[in-house]
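Below, read A as the first sequence line, B as the second, and so on, with proteins coming before strands; counting in each chain starts at 1. What you see is a predicted model; the values in this text were computed from it and never measured. What you see below is based on every heavy atom in this structure, not just the backbone, and it leaves out hydrogens, waters and symmetry mates.
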2 protein chains.
Amino acid sequence: MDPTASLQLSVDRNSPVPLYFQLSQQLEAAIEHGMLTPGSLLGNEIDLAARLGLSRPTVRQAIQSLVDKGLLVRRRGVGTQVVHSQVKRPLELSSLYDDLEAAGQRPATRVLVNTFAPASAEVAAALGVPEGMEVHRIERLRLAHGEPMAYLCNFLPKDLLDLRTGQLESTGLYRLMRAAGITLHSARQSIGARAATEAEGERLGEPEGTPLLTMQRITFDDTGRAVEFGTHTYRASRYSFEFQLLVRS
Amino acid sequence: MDPTASLQLSVDRNSPVPLYFQLSQQLEAAIEHGMLTPGSLLGNEIDLAARLGLSRPTVRQAIQSLVDKGLLVRRRGVGTQVVHSQVKRPLELSSLYDDLEAAGQRPATRVLVNTFAPASAEVAAALGVPEGMEVHRIERLRLAHGEPMAYLCNFLPKDLLDLRTGQLESTGLYRLMRAAGITLHSARQSIGARAATEAEGERLGEPEGTPLLTMQRITFDDTGRAVEFGTHTYRASRYSFEFQLLVRS
DNA sequence: CAGTGGTCTAGACCACCAC
DNA sequence: TGGTGGTCTAGACCACTGC
């Protein structure tokens, strides 16, 4: 029994949306809504292609995109199955501002520093620019419900985009970068913990010695350029990182 | 000038290795060894296909696999470029044992608990099994150079594989799972920090109140089954997490 | 306008798996 | 042995980019 037979799949050849994408969206929706149950075997690609009036490579492209997303699994000689359980989709490259907003936490930002400064050796290495070259330097305090959550220190290449303090106070850095036409691709992160110094504690409203989460991140755009280097400290009592890692294939 | 022209690319049609894979490996090696420099434009796909005696879809498949790895970027109307800079490949789903070994830290494991126990509500939810069902329970102390690094508490479905204490003391859990034919696919992780309790401090050789890194993880195999749930605490003074996140596409 | 990648077709043969 | 996905071909037309 082919569970896709009862699914009313169809494609619109007059749509500008690619056929394989139309199909993959419909299959994904069917999985999400439980029409295709975990573990169930899809019918074979040839029949599916014939039923939709598509070629097999097109159907394969649709299925492959869902395999890449971790929703389907193919087994040679067996067939294509819906993945067994609750694998959620990988989180986006996380933006603290968006995370807080999604959680209904009413994020706010206080910009402490917004200037240009020569790149230190560490910053230059991270951004791939010569040491001493002018870079954008931003320091912000991120608040939720009026309480400090994190202290964010960021460096960006100078002429990448202009960042006005007003913009920084009303939205997140990633959103500004995307709006400037920068396509974010990946980020290299390092997460650790340490005791708050007196100054750090004061900024975040915690006593000296309190555990803080620390994160360093270099973000790359789709051409591989480093577009941001950040050093952040978070109140561990109020924040933790959640994300999904994939095994490289 | 097509930089791939001077590359001596070739494929062996008698090899069992897929043609697209042979090509992608050669291109990757050329990038890695600097034969293809960052930002350089590859020749177009049609010519490359003709030169190698392959069809265009096959060449596209090779190129696409490198795009997925973040080594190449395609631009419609422009061409295919080598990514600009130092984007390292995503880390594998990290194994503390392997990380330590790779860093020359001579990891060792002391198995504290290796038994079966009924699943608590939390464990049952994580593994997707009924509450109260017997699961494997392991507690380990991970050492490097004889110093405690982390305290690892893990739960696994009962009949997944058998874990002997001797094996657990000589290698990592992930390696044992792979050896048992389990294909790890992804993991959902949560990383935070907190002050060590007295008991935790004693286990790890740190005073009470010291910042500890905490990690909770559910690991899934390629069929989407949860195969492991772990709650780990790390000495923040000796360990931090490093990984790469990709933007979902 | 010419050149590029993006999409699509209608076939083909092979390797692997379950029966 | 039959059915599945894995790979591959030799074309085609379109959309976008840069000149």
Distance in angstrom units between [X] [atom1] and [N] [atom2], rounded:
X	N	atom1	atom2	value
A:Leu23	C:dT7	CG	P	14 Å
B:Glu45	D:dG11	CD	P	17 Å
A:Leu48	D:dG3	CG	C1'	16 Å
A:Arg56	C:dT9	CZ	C1'	14 Å
B:Leu41	C:dG3	CG	P	15 Å
A:Gln61	C:dA10	CD	C1'	16 Å
B:Arg60	C:dG6	CZ	P	5 Å
B:Asp68	C:dG6	CG	P	12 Å

Atom CD1 of B:Ile63 and atom OG1 of B:Thr80: how far apart are they, to the nearest 0.5 Å?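 It comes to 5.0 Å.
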
Which nucleotide, in any strand shown, forms a Watson-Crick or G-U wobble pair with C:dC19, with both distances under 3.5 Å?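 Partner of C:dC19: none found under 3.5 Å.
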
Verdict with supporting geometry, A:Thr109 and A:Arg142, side chain to side chain donor-acceptor pair (under 3.5 Å): CA-CA 5 Å; A:Thr109 307; A:Arg142 179 62 48 79; 3.0 Å; yes

Under a 4.0 Å N-O cut-off, is there an ion pair linking A:Arg175 with A:Glu101? yes

Does the distance from a Lys or Arg side-chain N to an Asp or Glu carboxylate O, for B:Arg178 and B:Asp221, drop under 4.0 Å? no

Would you indicate, yes or no, if D:dG11 has its OP1 or OP2 atom less than 4.0 angstrom from a side-chain nitrogen or oxygen of B:Ser55? no

Is any side-chain N or O of A:Thr80 closer than 4.0 Å to OP1 or OP2 of D:dG5? yes

Which residues within residues 72-79 of chain A lie with some heavy atom under 4.0 Å of an atom in DNA chain D? A:Arg74, A:Arg75, A:Arg76, A:Gly77, A:Val78, A:Gly79

Just call it for B:Leu19: base, sugar-phosphate, or nothing, with non-hydrogen atoms closer than 4.0 Å on any strand.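 Sugar-phosphate, backbone atoms only, no base.
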
So what does B:Pro18 touch, heavy atoms closer than 4.0 Å: a base, only the sugar-phosphate, or nothing? sugar-phosphate

When you get a sec, tell me which of [options] is the closest nucleotide to the side chain of [X]?
X	options	value
A:Asn44	D:dG5, D:dA10, C:dG11	D:dG5
A:Thr58	C:dC8, C:dG6, D:dG6	C:dC8
B:Tyr20	D:dC8, D:dG5, C:dG5	D:dC8

Would you check if there is a donor-acceptor pair between the side chains of B:Asn154 and B:Glu228 at a distance under 3.5 Å? yes

With under 30° as parallel and over 60° as perpendicular, where do the rings of A:Phe243 and B:Phe243 fit, or are they tilted in between?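 Parallel, since the angle between the ring planes stays under 30°.
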
Which word best sums up how the rings of A:Phe155 and A:Phe229 line up, parallel for under 30°, tilted for 30 to 60°, or perpendicular for over 60°?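 Plane angle under 30°, so parallel.
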
